[in-house]
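Taking it in order: structure first as C-alpha cells, then the write-up.
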Amino acid sequence: MSTVSTHCPYCALQCAQALTPGPTGVEVTGRQFPTNRGGLCQKGWTSASVLRAPDRLTAPLVRGVDGELAETTWEVALDLVAERLRAMRAEHGADAVAVFGGGGLTNEKAYQLGKFARVALGTANIDYNGRFCMSSAAAAANRSLGIDRGLPFPLTDVGGAQAVLLLGSNLAETMPPAVAHLAGARAAGGLVVVDPRVSATASLTDDGQGLHLQPVPGTDLCVLLGLLHVVLAEGLDDTAYVSERTTGVDDTRRLAATWWPERVEQVSGVPAALLRETARLLAAASPARGGSGAYVLTGRGVEQSSQGTATVNAAINLALALGLPGRVGSGWGAVTGQGNGQGGREHGQKSDQLPGYRMVDDPGARAHVAGVWGVDPATLPGKGRPAVELLDSLGREGGPRALLVHGANLRVSAPNARHVAARLDALDLLVVCDVVPSETALRADVVLPVLQWAEEEGTMTSLEGRVLRRRKAIDPPPGPRSELEVWRELAARLEAPGTWDTDAALVFDELARASAGGRADYGGLSHARLDAEPDLFWPCPATDGTPHPGTPRLFLDGFPTPDGRARFVPVDDRGPAEDVRAGAPAHLVTGRVLQHYQSGAQTRRVDELVAASPGAFVEIHPRLADLHGIGAGDLVRLTSVRGSVAAPARVTDRVRPDTVFMPFHWPGEESVNAVTNDATDPVSGMPEFKVCAVTVSRAEARRDCPGAPVPTVNVTVTTAEVPA
Ligand SMILES: Nc1nc2c(c(=O)[nH]1)N[C@H]1C(S)=C(S)[C@@H](COP(=O)(O)OP(=O)(O)OC[C@H]3O[C@@H](n4cnc5c(=O)[nH]c(N)nc54)[C@H](O)[C@@H]3O)O[C@H]1N2
Ligand SMILES: Nc1nc2c(c(=O)[nH]1)N[C@H]1C(S)=C(S)[C@@H](COP(=O)(O)OP(=O)(O)OC[C@H]3O[C@@H](n4cnc5c(=O)[nH]c(N)nc54)[C@H](O)[C@@H]3O)O[C@H]1N2
Ligand code: SF4
Ligand SMILES: [Mo]
C-alpha cells in the first residue's frame, strides 16, 4: 500500500500524519497542517506500535463456566449477547441495558452508537467518557454563548495574540505541537499560566515570557472573580462591547465586587499584585485598548471540579468583560482533550442529546431525528443518567443489569474507581468492545475485538471544530470487526427497525442529515467533500447552490442565543467538595504525563513510551517530604476517604508544599483513581478528578507498590517535537 494521509489516533489536536506501510510495520511521519505544522509528539510518532501490539485482540472472548475468558466465533458471541440483551429487556425493561461510549470514537461510530442505544436497545441509559472530560466546558459555553465548540476559532489565530491566559492546561505535555501557537504571546511577555504546579507549560513563562499564578488547588473560581474585579474596578472593560453584545453584566458585577484581590489572595494564595498585573496585561492586549488580541483558555485543571461549570462561566465572563469572544484574534476557548472529544459530544452519545447537538427532550428535535431513523418519535427514550450516576446505578435495584462499553477503560479512568469496579462486577452482563485487553475488557463477560484507527475509514472533529478524514492505511489482522458491523449484526438479531450501514461514508451521510438544522450542523459535509477540502469547520449546512464554506470563526455576527447576545452568568465560589482538614491535610491533584494517553491501555503497550515513563509517581515538595521522612524514590502512600495508592516520590519544589500530584495512566496498585472524588458538578455531572484531600505517609515496603521504580527528576520541558 502507498502513503496515506491521516491524523494521529490520540488527542484532540489531531496532528496530521503520513502513514507508509512497509515490510516491518507502518512508518509514521508528521505532515504539514495548520495545527501541528509537521510536528508530532512522542506518542504520535510511536503510534503505529499499537497496530502490532502482541496482545492485540483478534477473536471474540466469552467467559465460560470456569470463570475464564475463552476464544469463540463471532456468530456464537453475537448470538449470546443478543439473546442475553433480549431476555434482560423482556424481564426488566429496556433501561436495564446501558451503553458507555467514548470520545475517541469516530463521528460515524459515535452517531451509530447513539442510534443503536435509542433504536435497537430502546434504552435511555447511554453516556460516555466525555462526561469526565468536556462536560463542564460544554455546559458553560451553552449557557453563555449558546453553542459548544471547544475553540470557536482556528488554533492558528492564537499565534497572533499579545496575551493568553491558560487556566489548568498543561499543553506542553498534553499537546506539545500546540505550544508553537503560544509564541506570539510569549514574545510579548503575555503568557499567563494558572496551575498549582510549575508544569512544563508554566515553565514556558520563565525569562520574562509571562506570568505563573500558582493557586491553591480548586480556587480558580476565586482567581477569575478577582481578575474580573480588577478589570471592572479599574475601568479596563470594553463597555461598548458589553452593552451591545452581552446581557446580564449587573449580577456578575455585584458578585465580582465582593472578590477584591486581597480577599482572593487569602483564599488562593495568589498575590494581589500578581492578580492586578494579570488583569492589566490582559486588558492591554484586548482589542478595545488597541492590543493585538487576548485569549482566555481553559483546560481540565479548572474544569474537572464540582464547580467546573461555574469556573468556566467565570472565565467566559472575564472574556466578555474584555470584549474578546466574536472578535478575530481574540476569544475564549476550552482545549478539548480526546481525539474526537468534540465530534463525540455532538452526535448523540450523551445522555441528554440527539445528533446535531439536539436535546433529547425537545419535541422538534425528536421528530426530526426519528424521521431520519425511520421510527416513531414516541418510541425514542428520554434523558438517561449522566456517567457517574449511571456507573453508580449498575447492578442496583432499578438500575441497569447489562452494560456495553465502546471506547473507555473505566476500571482505570473513572473517579473513585474501586467503587466503579465493584458496580461493574455487580452486573449480570458486561460486554466490552476494544482493540486490546484493557483492564475493563479483562473483567468482562464478553469481549468483542474491533478495528482501530489506521484500519478503517471515518472522520474526527478536532479541538477547533475542523472535520478531518481518518483513513485506512493497512488491512486489519484476521478476526477483529468494525464496530459498525457489530451494531448491524446486533440490530438484526434484536429485530431493530431502520437501516444499519457499515460503510462509514454512508453512515456519515445519514449523520449529516440527522444533524441538519441542529446546532452542530454537518449537513453540507460528506467524505467526498472532506477529501477534497480538508479545511472545513462546522457548522456547515447543506445548501441548494454554492456549497457552504464552513465556519472557522463563530460569533462574528452574533451569538446563537435567542437575542443574539452572549450572557454573563453570575457565579460565586463554593469551594471544592472536599477540603483539606486535620487527618487529610494535603491537596491531591491529578493529571497527565507526555508519554501516556489516558488509562494507558494503548500507550502502555508501546516500548519507547514505557521506557521513557515506566510507572506512576508522586510529585511532592521537599518540605512535605521531610515532614513525613520521605526521600526521593521512597514510596509515598496517599489515602483519601475512598481508598489509597502508593507510588515512588519525586521530590521537587515544582509543586506547592500543600499539594501532591499524581498522573492517572496506570492500573491496580498504581491507580490514583482509587483515591479521587466522584462528587459531581450539579450542572454538568463532571466528577471532581482534580482536587481531593489526602493523608500523605511513607509506605512501608516496596510490595505496597509494584510499579516500576522511577528516579527522582525534575519535570523538564518536554516539548518533544520532530520536524516534518
Ligand atoms: N500526554 C497526554 N496528552 C493528552 C492526554 C493524555 O492522557 N496524555 N489526554 C488528552 C485528553 S482526553 C485531555 S482531556 C487533555 C487534558 O489536557 P490538560 O488539561 O492539559 O491535562 P491535565 O494534565 O489533566 O491537567 C492540566 C493541569 O491542570 C493542573 N491542575 C490540577 N488541579 C488544578 C487546579 O485546581 N487548578 C488549576 N488551575 N490547575 C490544576 C495540573 O497540575 C495539570 O498541570 O489532554 C489530551 N492530551
Ligand atoms: N484521576 C484522573 N482521572 C481521569 C482524568 C484525570 O485528569 N484525572 N481525566 C479524565 C478524562 S479527561 C478522560 S477523557 C478519561 C479517559 O479515560 P478512558 O475513557 O479510559 O480513555 P482511554 O484510556 O482512551 O480508553 C479508551 C479505550 O478504548 C479503546 N479504543 C480505542 N479506539 C477504540 C475504538 O475505535 N473502539 C473501541 N471500542 N475501543 C477503542 C482503547 O484501547 C482503550 O481501552 O479519563 C478521565 N479520568
Ligand atoms: S499532540 Fe501528540 S498525541 Fe496529540 S495529536 Fe499530536 S501527535 Fe497525537
Ligand atoms: Mo479528556
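For the numbers below, each heavy atom of this structure counts, side chains included, while hydrogens, waters and symmetry mates do not. Just so you know, ligand 1 is whichever comes first in the structure, and atom 1 is the first atom listed for that ligand.
For atom 43 (C) of ligand 1, the nearest non-hydrogen atom of the protein is Asp195 OD2, 3.3 Å. Looking from atom 35 (O) of ligand 1 to the surrounding protein, the closest heavy atom is Gly218 N, 2.8 Å. Given atom 20 (O) of ligand 1, the protein heavy atom at minimum distance is Asn170 N, 2.7 Å. Protein heavy atom in closest approach to atom 28 (O) of ligand 1: Gly301 CA, 3.2 Å. For atom 25 (O) of ligand 1, the closest heavy atom belonging to the protein is Lys690 CE, 3.4 Å. Taking atom 22 (P) of ligand 1 as the reference point, the nearest protein heavy-atom neighbour is Arg592 NH1, 3.7 Å. The protein heavy-atom contact nearest to atom 7 (O) of ligand 1 is Gln598 N, 2.7 Å.
By the criterion of a heavy-atom distance under 4.0 Å, neither the backbone nor the side chain of Met134 is placed next to ligand 1. Residue His596 touches ligand 1 through its backbone alone, judged by heavy-atom distances below 4.0 Å. At a heavy-atom cutoff of 4.0 Å, ligand 1 is contacted by the backbone of Leu594 but not by its side chain. Residue-level proximity to ligand 1 for Arg197 is carried by the side chain, the only part with a heavy atom below 4.0 angstrom. At a 4.0 Å heavy-atom cut-off, ligand 1 does not touch Thr219 at all. At a heavy-atom distance under 4.0 Å, only side-chain atoms of Val589, from C-beta outward, approach ligand 1. Heavy atoms from both the backbone and the side chain of Ser169 come within less than 4.0 Å of ligand 1. Contact annotation for Gln14 and ligand 3: only backbone heavy atoms (N, CA, C, O) come within less than 4.0 Å of the ligand.
The shortest non-hydrogen separation linking Leu282 to Ala163 is CD2-CB, 4.1 Å. Here the shortest heavy-atom pairing between Met134 and Gly337 reads SD-N, 3.9 Å. Gly575 and Ser306 get closest at one heavy-atom pair: O-OG, 4.4 Å. Residues Val436 and Asp434 come closest through the heavy atom pair N-OD1, 3.3 Å.
For Val593, the closest heavy-atom approach to ligand 1 falls below 4.0 Å.
Between the side chain of Gln452 and the backbone N or O of Val50, at least one donor-acceptor pair lies under 3.5 Å. The backbone N or O of Ser413 sits less than 3.5 Å from a side-chain atom of Asn673, completing a donor-acceptor pair. Remark: the backbone N or O of Asp127 is not paired with any side-chain donor or acceptor of Ser351 at under 3.5 angstrom. For the pair Arg186 (side chain) and Thr205 (backbone), a donor-acceptor distance under 3.5 Å is absent.
The residue among Thr201, Asp220, Thr174 with a heavy atom at the shortest distance from atom 37 (C) of ligand 1 is Asp220.
Remark: Ile474 CD1 to Leu51 CG distance equals 4.5 Å, nearest 0.5 Å.
For the residue pair Arg300 / Thr174, no side-chain donor-acceptor distance below 3.5 Å is found, with atom types taken as modelled. Checking Glu303 against Thr298 by side-chain atom types alone, a donor-acceptor pair falls below 3.5 Å. Side-chain atoms of Asp573 and Gln307 form a donor-acceptor pair, as typed in the model, at a separation below 3.5 Å.
The ring-ring contact (aromatic ring centres under 6.0 Å, His included) search around Phe689 returns Phe132, not counting sequence neighbours. When the salt bridge (Lys or Arg N to Asp or Glu O under 4.0 Å) test is applied to Lys350, no partner is found at least two apart in sequence or on another chain.
Close approach of ligand 1 to Gly168 (heavy-atom distance below 4.0 Å) involves ligand atoms 19 (O), 26 (C), 27 (C), 28 (O), 37 (C), 38 (N), 39 (N). Against a heavy-atom cut-off of under 4.0 Å, Gly337 is close to the following atoms of ligand 1: 10 (C), 11 (C), 12 (S), 13 (C), 14 (S), 15 (C), 46 (C). Ligand-side atoms of ligand 1 in range of Pro196: 30 (N), 33 (C), 34 (C), 36 (N), 37 (C), 39 (N), 40 (C), range being under 4.0 angstrom from any heavy atom. Atoms of ligand 1 lying under 4.0 Å from at least one heavy atom of Arg300, given by number and element, are 14 (S), 16 (C), 19 (O). Of all atoms in ligand 1, listed by their number and element, those nearer than 4.0 Å to a heavy atom of Cys11 are 46 (C), 47 (N). Listed by number with element, the atoms of ligand 1 under 4.0 angstrom from any heavy atom of Pro217 are 35 (O). For ligand 1, the atoms lying closer than 4.0 Å to a non-hydrogen atom of Tyr597 are 5 (C), 6 (C), 7 (O), 8 (N), 9 (N), 10 (C). Short contacts between ligand 1 and Lys43, defined as distances under 4.0 Å to a heavy atom of the residue, involve ligand atoms 1 (N), 2 (C), 3 (N).
Ring orientation note: the planes of Tyr10 and Tyr597 are tilted relative to one another, at an angle of 30° to 60°. The aromatic rings of Trp666 and His596 sit perpendicular to each other, their planes meeting at more than 60°, with 30° as the lower class boundary.
The shortest distance between side-chain heavy atoms of Ile126 and Leu390 does not fall below 4.5 Å.
Taking only nitrogen or oxygen atoms, main chain and side chain alike, Gln595 does not reach within less than 3.5 Å of ligand 1. Residue-to-ligand polar distances place Val194 within reach of ligand 1: an N/O pair is separated by less than 3.5 Å. Distances between N or O atoms of Thr590 and those of ligand 1 include no value under 3.5 Å.
At a cut-off of 2.8 Å, measuring from atom 2 (Fe) of ligand 3, the protein N, O or S atoms that fall short of it are Cys41 SG, waters left aside.
Test Val618, Val651, Val645 against Val636 for side chain to side chain contact (heavy atoms under 4.5 Å, CB included) and you get one pass: Val618.
Applying the salt bridge (charged side-chain N to carboxylate O under 4.0 Å, His left out) definition to pairs two or more places apart or across chains, none involves residues 210-230.
The residues Arg149 and Glu464 are annotated as not salt-bridged, no charged nitrogen and carboxylate oxygen being separated by less than 4.0 angstrom.
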